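Proteins come first, then strands; the chains are lettered A, B, ... in the order of their sequence lines, and each starts at number 1. Given the structure is predicted, the values throughout are model-derived calculations rather than measurements.
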4 protein chains.
Amino acid sequence: MPRGRTRDTDAQQRILDATIDLLGSRGAGQLRMDEIAAGAGVGKQTIYRWWPSKHAVVIDALLQRSTKETPFPDTGDARRDLRSHMRGVVRVFSSPTGALIRELVAESQVDAVVARAFVDRFWQPRRDLSTAFLQRAIERGQVRDDIVVEVALDAIYSPLWSRLLIGYGPVNVRLVDDVLAIVWPGLAA
Amino acid sequence: MPRGRTRDTDAQQRILDATIDLLGSRGAGQLRMDEIAAGAGVGKQTIYRWWPSKHAVVIDALLQRSTKETPFPDTGDARRDLRSHMRGVVRVFSSPTGALIRELVAESQVDAVVARAFVDRFWQPRRDLSTAFLQRAIERGQVRDDIVVEVALDAIYSPLWSRLLIGYGPVNVRLVDDVLAIVWPGLAA
Amino acid sequence: MPRGRTRDTDAQQRILDATIDLLGSRGAGQLRMDEIAAGAGVGKQTIYRWWPSKHAVVIDALLQRSTKETPFPDTGDARRDLRSHMRGVVRVFSSPTGALIRELVAESQVDAVVARAFVDRFWQPRRDLSTAFLQRAIERGQVRDDIVVEVALDAIYSPLWSRLLIGYGPVNVRLVDDVLAIVWPGLAA
Amino acid sequence: MPRGRTRDTDAQQRILDATIDLLGSRGAGQLRMDEIAAGAGVGKQTIYRWWPSKHAVVIDALLQRSTKETPFPDTGDARRDLRSHMRGVVRVFSSPTGALIRELVAESQVDAVVARAFVDRFWQPRRDLSTAFLQRAIERGQVRDDIVVEVALDAIYSPLWSRLLIGYGPVNVRLVDDVLAIVWPGLAA
DNA sequence: ATATAAGCGAGACGGTACGTCTAGTCTTATC
DNA sequence: GATAAGACTAGACGTACCGTCTCGCTTATAT
């Protein structure tokens, strides 16, 4: 065993929790390093030991919080499963996680490193799950096989994203059904 | 007419131009009040006299620059007209105007006043034109009359927006055609 | 006679009055050009038409206000006349004129032009009167003829000035008598 | 002992040094916070953390620089000792310290807090030394015991001060002798 | 009577320094 | 030796005030 004080592994968790608390309660853009540190009962240096920047913390907080938040059911009915997943996305957007996402998208406009990390670590893994879902549905013959999958997913999900980010309209269950009503005809086999 | 020296509209224009130059050349988040003032040959106070915040300037710059940038043609063929308009949007997103939009969306996550102004002054007027277009197409019998127009427009345009803001894929002419391929079947009468 | 509207000589007076009012009521360092203009019901340009800077106005206000404020009596008794004059100085220092003087001395530390103007136009004329008074007393045989007159006047008056400017002690009638008690023996023939 | 990084006394010293350099080389009123910070290699916040205002820095610079600059000799000959001390004051007034003093007196006209600090921390301690000196001389029978000590010191020193601050005449060794020639007769027992 | 011209109040202008804020780094005493 | 505390550098922010410039109005002389 090395000498000296042992690492406080709990601190890392408290930092992520404080990040979510602050962003969730005050909204995107109101996050201060001093406050994360104070809220976690931690020195700022401890944060910077593990993360290179404020937004790296936010990404990890987002990843930890949102793991398995929106699973894909597999009932065999592709439309129903998709609807179920989209409802999960709506719930996430309305939760504190929504504030984390908004914070990161805001910073993504400014900082290409954050943008890259957000896409690679948050967006793409979830997109991959959706892609797999859609391809399964194609193989089962529930969805047409001549569509561009990537763009199909855009048509399905991006209305939720643009409303989250621009705020011109509600993000709710009703929206999910309206989107499907319009998009599904172009997808169904 | 009020007494006193009148507002220097040339200075106002130089401020908006400097804003666009700086945002266009350096990207969102790289805009500094001192630099706008220096670039416009203006004192900072002159900016603050007429705009309440940096982002109010950006909104005005955006509005001035983007007027009539993406007109709606009316050939009678709704799909063709829509495609033409979407290509215009793609062009705008790739121009310096795209940087203005990204700057404002970033700030919208943080500042509700900016978010409101962006929607009311930029987004909604353009959305109204799109809405009118779609309703015209419905009346002509080219588009189904049982869709939710607002959501239909989301399905059409939001893929462009989410790619602009999140950056997971290209925003180009190809995307326009792919989106139409998926969405149009659900719209066509 | 030149064409055009004639100068409003009353405005000049209102400017000086406003300057004294503001300095007198709020103290040195609290004088703003905008407020002088507003107080005098005048545009700032009108002030700058007649005076090159804010402190040039203050000097003129001081000169106008203090003319003949502290006359030298001539009773034939040099000590008594001197005491009477010093009492006048004490009164001036306690009046709004004191604030004008403090303002100008403050600016004199910073601006050599103001310093020069203050000495040449305010200080030296008064000093000349004192010098004349002292020389008269020497001629009459009431004051020794082997003193350096300039320095004798310093010994007499500068205690009042240093107290005005540094504020370590009161400037009152009692001080006048105490100063004379100490200095007069070195002056009396 | 409190936790956390301790005050960087070297930075503190560099701030005071930069203050003296700037004031000494450019004169009173030419001191800029940004330049002190740049000259000291320090952030502005560090200055404001330890001093409430620019002039609080100047006072501390003055105190540090002038400690023991003008000691009182004690040869037993009061007039000679006084002359020696006054020559020290003349030297100080001609040094960069003179610029610090002029800066503080200028601000004293405007800011009562600075005025109070200047008197309490700089003026009064030195005045106390002079008072003690004079009382010693009285006890030794070299100076009359019926004078007001405070005013005697005014008569001695204030000619130097009023010339420093108003600038109507030189502050040099000659002045010291001339002042003593006039004032000493009123003091000597 | 009309044209011309200077002075005027109002207030916008360019510029400079201010004091504040917060990111990310560095240093100390403590555990 | 890792930690909490917190001081550190750097740099943008929004405000205040100076002295200048410009507008439309007023007041006078010259035609």
Side-chain angles (χ1 to χ4, degrees), chain A residues 1-9 11 31-38 40-49 51-56, chain B residues 1-12 30-38 40-54, chain C residues 1-11 31-35 37-38 40-55, chain D residues 1-12 30-38 40-54:
Chain A
M1 182 104 185
R3 286 209 233 166
R5 181 169 177 173
T6 50
R7 287 202 172 190
D8 181 354
T9 48
L31 194 63
R32 310 280 169 252
M33 269 310 212
D34 287 13
E35 294 177 323
I36 298 176
V42 138
K44 280 203 290 177
Q45 195 54 247
T46 300
I47 304 178
Y48 283 104
R49 210 187 320 276
W51 293 277
S53 74
K54 183 169 70 166
H55 290 99
Chain B
M1 180 104 189
R3 292 227 217 157
R5 182 173 178 172
T6 49
R7 178 171 183 172
D8 182 347
T9 52
D10 190 52
Q12 181 185 0
Q30 304 308 309
L31 195 62
R32 311 278 167 252
M33 273 308 210
D34 288 18
E35 293 178 324
I36 298 176
V42 139
K44 276 200 291 179
Q45 194 57 247
T46 297
I47 305 178
Y48 284 106
R49 208 186 325 269
W50 302 116
W51 291 279
S53 74
K54 185 166 64 171
Chain C
M1 181 102 187
R3 287 210 227 170
R5 181 172 177 173
T6 49
R7 288 196 172 192
D8 180 353
T9 49
D10 190 48
L31 193 64
R32 310 280 167 250
M33 270 309 213
D34 287 13
E35 293 177 324
V42 139
K44 278 203 292 178
Q45 194 55 249
T46 299
I47 305 177
Y48 283 104
R49 211 186 320 274
W50 280 317
W51 292 279
S53 73
K54 183 169 71 167
H55 290 99
Chain D
M1 180 100 188
R3 291 222 218 161
R5 182 171 178 173
T6 49
R7 178 170 183 173
D8 182 346
T9 51
D10 189 50
Q12 181 185 359
Q30 304 309 309
L31 194 63
R32 311 279 167 253
M33 273 308 211
D34 287 19
E35 292 178 326
I36 298 175
V42 139
K44 277 201 290 179
Q45 193 56 251
T46 297
I47 305 178
Y48 283 106
R49 204 183 332 266
W50 302 115
W51 290 278
S53 74
K54 185 165 66 171

- Atom CG of D:D8 and atom C1' of E:dT25 are separated, to the nearest Å, by 14 Å
- Which residue lies more 5' along DNA chain F, comparing D:W50 with C:S53 via nearest heavy atoms: D:W50
- Query: Hey, is the side chain of B:Q45 pairing donor to acceptor with the base of F:dA16 inside 3.5 Å?
  - Reply: yes
- Query: What is the distance from CZ of D:R7 to C1' of E:dC26, rounded to the nearest Å?
  - Reply: 17 Å
- Item | Atom pair distance, as rounded to whole Å: CZ in B:R32 and C1' in E:dT22 | 13 Å
- Output, in order, the C-alpha distance, side-chain angles, deciding distance and verdict of side-chain contact (heavy atoms from CB on, under 4.5 Å) for B:W50 and B:R7. CA-CA 9 Å; B:W50 302 116; B:R7 178 171 183 172; 3.3 Å; yes
- In terms of heavy-atom contacts, B:A37 and B:G43 come closest through CB-C, 4.2 Å
- When the distance from OH of A:Y48 to C1' of F:dT9 is rounded to whole Å, what number comes out? 14 Å
- Message: I'd like to know if B:R5 reaches the base of F:dC21 with its side chain such that a donor and an acceptor end up less than 3.5 angstrom apart.
- Response: yes
- Message: Nearest to the B:R49 side chain among E:dT20, E:dA12, F:dC13, which nucleotide is it?
- Response: E:dA12
- Task: Figure out the CD1/C1' separation between A:I36 and E:dA23, and round it to whole Å.
- Result: 11 Å
- Message: Without decimals, in angstroms, what is the distance between A:M33 CE and F:dA7 C1'?
- Response: 17 Å
- Task: Of all the heavy-atom pairs spanning D:L31 and D:K54, show the shortest one and how long it is.
- Result: O-NZ, 3.0 Å
- Task: Report yes if a side-chain nitrogen or oxygen of D:K54 is closer than 4.0 Å to either non-bridging phosphate oxygen (OP1 or OP2) of E:dC18; otherwise report no.
- Result: yes
- Note on the structure: Walking DNA chain F from its 5' end, the first of C:H55 and B:D34 to be reached, judged by nearest nucleotide, is B:D34
- Figure out the CD1/P separation between A:I47 and E:dC26, and round it to whole Å. 16 Å
- Can you find a donor-acceptor N/O pair under 3.5 angstrom joining the side chain of D:K44 to the base of E:dG19? yes
- Task: Check the distance between F:dT20's P and C:W51's CH2 and give it to me in whole angstrom.
- Result: 15 Å
- Start with the C-alpha distance between B:R32 and B:Q30, add both sets of side-chain angles, then the distance that settles side-chain contact (heavy atoms from CB on, under 4.5 Å), and finish with yes or no. CA-CA 6 Å; B:R32 311 278 167 252; B:Q30 304 308 309; 3.8 Å; yes
- Message: Nearest heavy atom decides the nucleotide; on that basis, is C:A37 or D:E35 closer to the 5' end of DNA chain E?
- Response: C:A37
- Considering all heavy atoms, the nearest D:M33-D:I47 contact: CE-CG2, 3.9 Å
- Message: Looking at E:dG14, I'd like to know if its phosphate oxygens (OP1 or OP2) sit under 4.0 Å from a side-chain N or O belonging to B:T46.
- Response: yes
- Query: Base, sugar-phosphate alone, or nothing: which one does C:L31 contact when heavy atoms must sit under 4.0 Å apart?
  - Reply: sugar-phosphate
- Side chain of D:A11: nearest nucleotide among F:dC13, E:dC8, F:dT9? F:dT9
